[in-house]
*Asks:* 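To start, I am sharing the structure in question, which I have written as structure tokens.
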Protein chains: 2
Amino acid sequence: MTDAPVTGPRTADRADSLHARLVAGIRDIIVRGELPDGTRIPEAALCQRFAVSRTPLREALKSLASEGLVTLRPNRGAVVAPLDPPVLAEVFEAKGALERFIGLAAADRADRTDMQALESLHADLCAAAAIRDADLYSDVNAAFHERMADAAGNRQVRQIYATLQAQVRRARHAVNHDPARIAASLAEHEAIMAALRVRARLDLSERLAQHNAATAHAILAQFGTAQDGDGARKG
Amino acid sequence: MTDAPVTGPRTADRADSLHARLVAGIRDIIVRGELPDGTRIPEAALCQRFAVSRTPLREALKSLASEGLVTLRPNRGAVVAPLDPPVLAEVFEAKGALERFIGLAAADRADRTDMQALESLHADLCAAAAIRDADLYSDVNAAFHERMADAAGNRQVRQIYATLQAQVRRARHAVNHDPARIAASLAEHEAIMAALRVRARLDLSERLAQHNAATAHAILAQFGTAQDGDGARKG
DNA sequence: CACGCAAGGTATGCATGCAAAAATGCCAGA
DNA sequence: TCTGGCATTTTTGCATGCATACCTTGCGTG
């Protein structure tokens with residue numbers, strides 16, 4: 001997702017197809033929070049920025065609209081999709097449903113390579129927490145969870161998860177980071193790794209879901225709406 | 001993805017938009033199986049069929065590609081996305097993960113209107129089984145499950161579910177319908193309705209997931225690959 | 001002074017044109 | 001007959017142009 005440094009206008013040469021480059025580039029702009037929530041996106045501005053004509057740019061916007069990152073209003077242009085708390089709560093719920101599956105599947109299917117990658121990312125996460133770098137922590141955290149989704153061995157889930165995760169990352173950029181939450185998050189990650197190491201599938205599933213719910217609570221609280229984030233809790 | 005703030009007479013999802021009409025039209029062609037798995041889709045043919053130029057048609061194809069219904073090969077055009085068993089197994093797994101959530105959430109949230117709609121669809125399903133109309137049974141079955149997803153009250157999940165369901169419906173058109181499977185499916189549906197009526201959330205969740213797994217098994221078996229379809233089973 | 005309305009400017013939606021890449025057919029040589 | 005290379009044809013990718021819908025702004029009226 002974040003592999004192409006498309007910040008420069010005409011670094012067009014070696015990238016994939018123009019369409020892929022535009023989608024990735026605009027997605028990056030939105031996920032990083034460079035264009036705030038609700039901003040209008042005039043086609044001309046992005047055309048100039050990426051040095052392309054309107055046709056491929058419009059195609060990219062359509063794709064991003066189906067990802068939910070932009071909203072297309074007929075005859076009225078595109079805006080960065082609003083991040084209102086009810087929708088965000090639904091995103092966390094959906095992500096929680098997938099996390100439960102990811103936990104069960106990853107516990108069964110993670111191979112040696114997966115384990116090494118996750119251990120490495122977990123170490124990075126501890127380091128980020130130690131130096132209290134909230135932005136770094138967020139980035140490593142997202143990478144960890146996407147790597148866990150990889151380990152689940154289901155590309156459909158992987159793609160859906162990435163789409164939902166993009167919304168969450170976007171929301172993270174819009175709120176302040178609470179140091180206490182980082183500490184709690186790290187503790188949850190320790191438990192997650194412990195469950196993964198011994199392949200405790202139900203435990204891993206539950207801990208991932210709870211971690212997601214806790215993150216949802218922390219972020220939604222800053223949006224003024226504290227919701228559970230896991231409406232399908234174990235009960 | 002997210003609805004327009006106003007749910008008035010005209011919404012972004014209406015057929016008044018050419019883009020929406022094209023996406024829905026082409027999706028219908030593919031889901032109904034009119035264009036078999038792997039068929040090349042020359043732009044010109046669809047342009048003539050829908051009487052539009054290539055620009056909006058290409059935009060529609062990009063959207064469908066992000067839904068996974070078509071595959072875009074750079075400089076080589078679009079094909080109806082191949083339905084190979086491993087991918088289909090992943091689709092069923094992902095759908096199973098969502099069904100678990102849908103069961104938990106629908107048991108909690110289904111209101112009177114939801115219940116009436118589901119009872120009505122369930123009656124239709126029984127009728128379709130009684131007259132042994134396999135195609136009708138498939139259609140009503142899909143409508144029932146999408147209505148159940150509605151009752152879960154999460155539009156993110158609802159949309160992801162619809163996308164996955166489209167792939168399943170496509171696969172259904174590619175295999176023969178086994179009367180024995182219809183009978184078994186109906187029995188599972190009876191149990192699903194029983195659990196829903198008494199709001200047995202865990203029971204409903206489990207039954208939906210098992211129903212999905214059984215459907216997966218039935219369909220994948222005809223593709224020559226019998227897989228579980230619920231790799232994240234309860235254990 | 002507030003409100004309604006109309007005209008101009010701006011941005012979007014779609015069609016068309018052109019260049020490049022791939023697919024196809026053809027022919028020559030082995 | 002088979003194979004390899006080349007030219008033609010087809011199709012895709014992108015740019016541009018035109019019509020239309022929307023937003024803004026200035027003016028007139030109550």
Side-chain angles (χ1 to χ4, degrees), chain A residues 4 6 8-27 29-30 35 38-66 69-82, chain B residues 1-6 8-27 29-30 35 38-66 69-82:
Chain A
V6 262
R10 62 176 71 89
T11 59
D13 301 326
R14 267 303 171 187
D16 309 52
S17 76
L18 185 56
H19 177 75
R21 189 165 64 86
L22 287 176
V23 170
I26 302 172
R27 177 165 41 212
I29 289 173
I30 295 176
L35 292 180
T39 308
R40 282 204 56 193
I41 308 177
E43 295 176 358
L46 286 181
C47 286
Q48 203 160 22
R49 172 163 185 166
F50 290 97
V52 297
S53 78
R54 289 177 50 222
T55 304
L57 190 113
R58 285 174 54 80
E59 292 174 353
L61 285 177
K62 299 274 197 216
S63 291
L64 291 168
S66 69
L69 288 179
V70 306
T71 299
L72 295 177
R73 302 168 304 175
N75 290 314
R76 295 184 57 193
V79 298
V80 178
Chain B
M1 176 176 290
T2 56
D3 290 349
V6 284
R10 98 184 217 298
T11 319
D13 197 45
R14 280 289 298 274
D16 51 11
S17 158
L18 183 55
H19 176 76
R21 190 166 63 86
L22 287 175
V23 170
I26 303 173
R27 176 165 42 214
I29 289 173
I30 295 176
L35 293 181
T39 308
R40 284 202 52 193
I41 307 177
E43 294 176 359
L46 286 181
C47 285
Q48 203 160 20
R49 171 160 186 168
F50 289 97
V52 296
S53 78
R54 289 176 50 224
T55 304
L57 190 112
R58 284 174 56 80
E59 292 175 353
L61 286 178
K62 298 274 202 236
S63 291
L64 291 168
S66 68
L69 287 179
V70 306
T71 299
L72 295 178
R73 301 169 303 175
N75 290 314
R76 295 185 58 195
V79 299
V80 178

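We name chains A, B, ... by the order of the sequence lines, and we start the count at 1 in each one.
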*Asks:* Tell me the interatomic distance from B:Glu59, atom CD, to D:dA15, atom P, rounded to whole angstroms.
*Replies:* 14 Å

*Asks:* Nearest to the side chain of B:Asn75 - C:dC14, D:dT12, C:dG13?
*Replies:* D:dT12

*Asks:* So, for A:Ile41 and A:Val79, which heavy atoms are closest and what is the spacing to 0.1 Å?
*Replies:* CD1-C, 4.0 Å

*Asks:* Grab the CZ-C1' distance between B:Phe50 and C:dA15 for me, whole Å please.
*Replies:* 18 Å

*Asks:* Can you tell me the distance, in whole Å, between the CG atom of A:Leu46 and the P atom of D:dA15?
*Replies:* 14 Å

*Asks:* Might you point out which heavy atoms bring A:Pro82 and A:Thr71 nearest each other, and give the distance in Å?
*Replies:* CD-OG1, 3.7 Å

*Asks:* To the nearest Å, give me how far apart CG (B:Leu61) and C1' (D:dT11) are.
*Replies:* 13 Å

*Asks:* If you pin B:Ala78 and A:Pro56 to their nearest nucleotides in DNA chain D, which one's is more 5'?
*Replies:* B:Ala78

*Asks:* Between D:dG13, D:dT16, C:dC14, which one does the side chain of A:Ser53 approach most closely?
*Replies:* D:dT16

*Asks:* Rounded to whole Å, how long is the line connecting atom CZ of A:Arg58 with atom C1' of D:dT16?
*Replies:* 14 Å

*Asks:* Please classify the nucleic acid contact of B:Ile41 as base, sugar-phosphate, or nothing, using heavy-atom distances under 4.0 Å.
*Replies:* sugar-phosphate

*Asks:* Would you indicate which nucleotide in C:dG13, D:dT11, C:dA15 comes nearest to any side-chain atom of B:Arg40?
*Replies:* D:dT11

*Asks:* Within this structure, what is the OG-CG distance for the pair A:Ser66 and A:Leu72, rounded to the nearest 0.5 Å?
*Replies:* 9.5 Å

*Asks:* Would you kindly compare B:Ala51 and A:Pro42 by the position of their nearest DNA chain C nucleotide and give the one closer to the 5′ end?
*Replies:* A:Pro42

*Asks:* Which nucleotide, C:dC14, D:dA15, D:dG13, lies nearest any side-chain atom of A:Val52?
*Replies:* D:dA15

*Asks:* Could you state the atom-to-atom distance from CZ of B:Arg54 to C1' of C:dG17 in whole Å?
*Replies:* 10 Å

*Asks:* Grab the NE2-P distance between B:His19 and C:dT12 for me, whole Å please.
*Replies:* 16 Å

*Asks:* Could you state the CD-P distance from A:Glu43 to C:dG13, rounded to the nearest angstrom?
*Replies:* 6 Å

*Asks:* With the side chain of A:Arg76 defined as its heavy atoms from C-beta on, choose the nearest nucleotide among C:dT16, C:dG13, D:dC22.
*Replies:* D:dC22

